[in-house]
Amino acid sequence: MARRRFFDEATLTQLREMPASDALALLAIHVKADPSYVPVKSDRSRRWHALTTRGEFEILTTGCQWYDMRGRCGGGGAIDLAMHVRGLSFVDAVKQLTRERSQHRSDHS
């Protein structure tokens, strides 16, 4: 019988609480803030144009929450965002984000 492996709770918590804008920067090939966007509900909201391996997205972010303006769906946390913009399973999203985050940290050390 295959042994199930679990991700540690600290990793999952960090990914769930990661600002969506930071996650988008890790996941996109190219991401650019929309300078013409004027927030309606929260001054912390930003609109981003992102290019990923699955195409172009127009994403609103507020903290860890995100909303795809074109796809008309949203979620919370980096894992949900990775699943959406990269078409990944939960397990693959966690692995990808963990890998990208550690790569990003080593690039800026």
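Throughout, numbering of the chain's residues begins at 1 and tracks the sequence.
- The main-chain N or O of A33 is never found under 3.5 Å from a side-chain atom of R46 such that the two would form a donor-acceptor pair.
- In terms of heavy-atom proximity, M83 sits nearest to A93 at CG-CB, 3.7 Å.
- The minimum heavy-atom distance between W66 and C73, with the atom names listed, is CZ3-O, 3.6 Å.
- The environment of CZ in R72 is sparse: at most 12 heavy-atom neighbours from other residues, nucleotides or ligands sit within 6.0 Å.
- Considering only heavy atoms from C-beta on, M18 comes within 4.5 Å of L26 through its side chain.
- Taking all atoms of both residues into account, the shortest heavy-atom contact from Q96 to L88 is CB-CD1, 4.0 Å.
- Atom OG1 of T98 and atom CZ of F7 lie 6.5 Å apart (nearest 0.5 Å).
- Nearest approach of L24 to V31, heavy atoms of both residues: CD2-CG2, 3.8 Å.
- Rounding to the nearest 0.5 Å places CG of L97 at 8.0 Å from CZ of R86.
- Within the 4.5 Å cutoff, side-chain heavy atoms of F90 are placed close to those of L12.
- Between D22 and R101 there is no side-chain heavy-atom pair separated by less than 4.5 Å.
- Put simply, the side chain of S89 gets close to the backbone of D92: a donor and an acceptor are under 3.5 Å apart.
- Between I79 and R16 the shortest heavy-atom distance is CD1-CG, 4.3 Å.
- In this structure, a donor-acceptor pair under 3.5 Å is absent between the side chains of S21 and W48.
- Between the OH atom of Y37 and the NE2 atom of H49 there is a distance of 11.0 Å, given to the nearest 0.5 Å.
- Here the closest heavy-atom approach between residue L27 and residue A78 is recorded as CD1-O, 4.5 Å.
- Scanning for ring pair (Phe, Tyr, Trp, His ring centres under 6.0 Å) contacts around Y67 gives an empty result, with sequence neighbours left out.
- Annotation: the span from E9 atom CD to Q14 atom CD amounts to 11.0 Å, rounded to 0.5 Å.
- Taken to the nearest 0.5 Å, the CZ atom of R47 stands 12.0 Å off from the CD1 atom of I59.
- For D8, the CG atom sits in a packed shell: over 12 heavy atoms of surrounding residues, nucleotides or ligands are nearer than 6.0 Å.
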